[in-house]
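None of these values were measured; they are calculated from a predicted model. Sequence lines set the chain letters: A, B, ... in the order given, protein chains first and strands last, and positions in each chain run from 1.
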Number of protein chains: 2
Amino acid sequence: MEKAILIKSTSTWAPVRANSVANQIVLQVREALFEGRFLPGDRLGSEKDLAAQFDVSRITVRDALRTLETMGIVEIRVGASGGARIAQGNLDHYSDALSIQFRLSGITGTEMLDLQIAIEGAAVELAATNRNPTDLEKLSNLLEEAEGLLGDPAGFTQSGQKFHLAVVEASGNRAFIAQFNGLRHVVWPKNGKRAKREIASHALKIHKNIYCAIREGDREVARKLMIIHLESIRTMIFSKNSKKATSGPVCC
Amino acid sequence: MEKAILIKSTSTWAPVRANSVANQIVLQVREALFEGRFLPGDRLGSEKDLAAQFDVSRITVRDALRTLETMGIVEIRVGASGGARIAQGNLDHYSDALSIQFRLSGITGTEMLDLQIAIEGAAVELAATNRNPTDLEKLSNLLEEAEGLLGDPAGFTQSGQKFHLAVVEASGNRAFIAQFNGLRHVVWPKNGKRAKREIASHALKIHKNIYCAIREGDREVARKLMIIHLESIRTMIFSKNSKKATSGPVCC
DNA sequence: TTTATATAATGATATAACAATTAAACATTA
DNA sequence: TAATGTTTAATTGTTATATCATTATATAAA
């Protein structure tokens with residue numbers, strides 16, 4: 001590939017933001033991906049190869065590859081027959097971007113919680129329709145686990161979060177799962193409050209009811225229970241003093 | 001800053017490059033951001049500064065900055081008093097990540113549509129609660145606009161999409177808006193089908209009903225109408241031959 | 001066949017240099 | 001004085017050249 005090809009788009013009248021050569025490479029690869037000229041697993045070549053192909057230095061290629069890697073478009077392997085390849089999708093990249101940008105944008109906790117309620121409410125409906133024996137067993141096991149953790153606030157909270165994740169997973173919809181994971185880490189701070197015994201006991205009861213609704217395939221009930229459940233969590237987090245907005249959920 | 005400090009946070013994860021010095025820098029900055037030690041606009045310093053601070057070469061710092069820049073965490077300006085700064089939130093980064101990862105992951109159109117239905121269903125509920133006169137006027141204007149475009153399939157489709165966006169905006173929840181925008185470009189391909197007159201007419205009627213429900217503050221009805229509406233779109237897109245999965249929506 | 005070792009490919013990092021860009025300081029002019 | 005060029009210094013962008021660390025693969029030995 002000729003250097004001229006890269007430079008050409010710079011020459012058209014001074015774009016406010018002149019694109020660096022590295023950026024041109026990023027754009028080319030990205031465009032190729034979206035036009036279907038690349039598929040996951042396709043090898044792009046080593047840094048040396050690419051530097052020769054684009055007629056730029058290795059460092060410049062590295063700049064471009066670092067960007068593409070961070071975007072999740074390429075994966076880089078070291079060693080013989082290593083180099084850059086088109087990546088398999090990794091939804092963690094998406095979840096990452098979500099948490100970073102929501103944080104930088106100053107989106108509030110209530111806004112994110114509303115979104116999470118929408119996600120989980122819809123996910124549990126789907127779960128009630130699509131659940132399979134494996135899902136149900138997993139959910140059931142988590143309920144048992146939680147039962148044994150009623151006296152362990154931290155443990156119960158963690159187990160409860162796993163239950164919510166399992167519900168979303170039972171929906172069988174990867175878009176929901178990715179979305180849930182992204183929100184999870186932003187909405188629930190690391191050191192959330194711990195559930196006192198009576199609250200934990202109440203939460204477990206609701207979880208059990210949700211499980212039953214999923215098992216019976218009752219979409220409506222499942223959704224209503226989930227939403228009431230999450231709304232009550234919202235009340236506990238965001239009630240009274242706004243200080244609490246930064247502390248974690250009370251039960252799950 | 002000592003080099004030793006960099007190595008400490010090697011802990012979790014173990015992607016190939018996790019131990020690279022550049023990644024340590026990325027992790028440190030990222031961590032600082034999430035702990036609130038950085039705010040948008042804060043200056044991190046020039047490449048030279050940072051190289052000295054971290055006791056690494058400029059190349060390594062550049063690697064880290066390129067990653068942070070792509071993540072949307074820092075903005076880099078060239079020239080005097082340039083350098084790296086903590087970025088303002090830019091939800092386009094998020095939408096970008098969504099489209100890239102959903103594409104690479106092979107998430108299907110139906111999965112994404114389910115997510116979009118969840119978003120819009122919840123958003124319209126919020127809109128019915130939070131709507132203000134400005135929102136209502138905007139929605140009303142769009143309905144008028146659509147009325148005049150019944151005979152123009154492409155125009156009507158575009159106007160219809162603006163209506164959906166306006167509904168989500170009326171929710172007043174930026175998380176919903178960001179999510180909607182991200183999905184929009186992936187779910188609705190560029191050249192969607194055009195609505196024939198009778199279908200357009202039907203869609204407009206539903207839009208009007210949704211508008212009324214929002215205006216009257218009737219969350220339940222607004223939600224039900226929106227979901228029925230989107231489900232019917234799903235049927236039109238994904239019915240019969242699976243080929244249609246790649247073509248756009250019929251009305252909006 | 002399995003395991004250990006050597007080798008080559010490749011990325012990671014460092015150093016040095018120059019080009020291109022930009023904001024700010026400075027000088028000039030109406 | 002206020003607007004407008006001009007210079008300057010700081011900063012990123014790019015290139016070139018080495019060296020080190022890591023990894024896959026080929027090779028040899030058990």
Student: Specify the separation, in whole Å, of atom CD of B/Glu75 and atom P of D/dT11.
Tutor: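 Taking atom P of D/dT11 as the reference, CD of B/Glu75 is at 18 Å.
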Student: Could you list, one pair per line, each protein nitrogen or oxygen that sits under 3.5 Å from a nitrogen or oxygen of nucleotides 17-20 of chain D, together with the distance?
Tutor:
none

Student: Take atom CG of B/Asp63 and atom P of D/dT12, then tell me their distance rounded to the nearest Å.
Tutor: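 Answer to the nearest Å: 15 Å.
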Student: Select base, sugar-phosphate, or nothing to describe what B/Arg43 touches, counting heavy atoms under 4.0 Å on all strands.
Tutor: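 Since only primed, P, OP1 and OP2 atoms lie under 4.0 Å of B/Arg43, the category is sugar-phosphate.
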Student: Is a side-chain N or O of A/Arg174 found less than 3.5 angstrom from the main chain of B/Gly106, in a donor-acceptor match?
Tutor: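 Present.
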Student: Atom CZ of B/Arg62 and atom P of D/dT14: how far apart are they, to the nearest Å?
Tutor: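 One finds 7 Å between P of D/dT14 and CZ of B/Arg62, rounded.
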Student: Between C/dA23, D/dT15, D/dT22, which one does the side chain of A/Val78 approach most closely?
Tutor: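 Output: D/dT22.
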Student: Please give, in whole Å, the distance from D/dT14 C1' to B/Arg66 CZ?
Tutor: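 After rounding, the reported distance stands at 11 Å.
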Student: Can you check whether B/Ser81 has a side-chain N or O nearer than 4.0 Å to OP1 or OP2 of C/dA23?
Tutor: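 It does not, given that no N or O in the side chain of B/Ser81 lies less than 4.0 Å from OP1 or OP2 of C/dA23.
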Student: Is any side-chain N or O of B/Arg77 closer than 4.0 Å to OP1 or OP2 of D/dT11?
Tutor: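 B/Arg77 to D/dT11 OP1/OP2: no side-chain N or O under 4.0 Å.
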Student: When the ring centroid of A/Tyr211 is compared with that of A/Phe163, is the distance short of 6.0 Å?
Tutor: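 Here the rings of A/Phe163 and A/Tyr211 have centres that are no less than 6.0 Å from each other.
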Student: Within this structure, what is the CG-to-P distance between A/Asn23 and D/dT12, rounded to whole angstrom?
Tutor: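 Computing the A/Asn23:CG to D/dT12:P distance gives 16 Å.
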Student: Decide whether A/Asp63 and A/Thr60 meet the rule of one side-chain donor and one side-chain acceptor closer than 3.5 Å.
Tutor: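 Short answer, no.
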Student: Rounded to the Å, how far apart are A/Lys48 NZ and C/dA9 P?
Tutor: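 In whole Å, C/dA9 P lies 8 Å from A/Lys48 NZ.
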Student: Rounded to the nearest angstrom, tell me the gap between atom CG in B/Leu50 and atom C1' in D/dT12.
Tutor: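 So the two atoms are 12 Å apart, to the nearest Å.
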Student: So A/Leu143 and A/His207, do their side chains get closer than 4.5 Å, heavy atoms only?
Tutor: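 Result yes, sub-4.5 Å side-chain heavy-atom pair found.
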Student: Round to a whole Å and report the spacing from CD of B/Glu47 to P of D/dT11.
Tutor: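 These atoms are roughly 10 Å apart.
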Student: Run the side-chain donor-acceptor check on residues 113-122 of chain A: report pairs under 3.5 Å with partners two or more places apart or on a different chain.
Tutor:
unit_1	atom_1	unit_2	atom_2	d
A/Asp114	OD1	A/Arg234	NH1	3.4
A/Asp114	OD1	A/Arg234	NH2	2.6
A/Gln116	NE2	A/Glu120	OE2	3.1
A/Glu120	OE1	A/His164	ND1	2.7

Student: Could you work out which one of D/dT12, D/dT15, C/dG11 sits closest to the side chain of A/Ile76?
Tutor: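 Per side-chain heavy atoms of A/Ile76, the pick is C/dG11.
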Student: Can you identify which nucleotide, out of D/dT12, D/dT14, C/dT13, has its nearest atom closest to the A/Val21 side chain?
Tutor: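 So the nucleotide nearest the side chain must be D/dT14.
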Student: Does the B/Asp96 side chain pair with the main chain of B/His93, one donor and one acceptor, at a distance under 3.5 Å?
Tutor: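 Checked: no pair found.
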Student: Counting only side-chain nitrogens and oxygens, does A/Thr60 get under 4.0 Å of the OP1 or OP2 atom of D/dT15?
Tutor: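 So the side-chain polar atoms of A/Thr60 do come within 4.0 Å of the phosphate oxygens OP1 or OP2 of D/dT15, strictly under.
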Student: Find out whether B/Tyr94 and B/Asn181 are in side-chain contact, i.e. whether some heavy atom of one side chain is under 4.5 Å from a heavy atom of the other.
Tutor: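 Sidechains of B/Asn181 and B/Tyr94: no contact.
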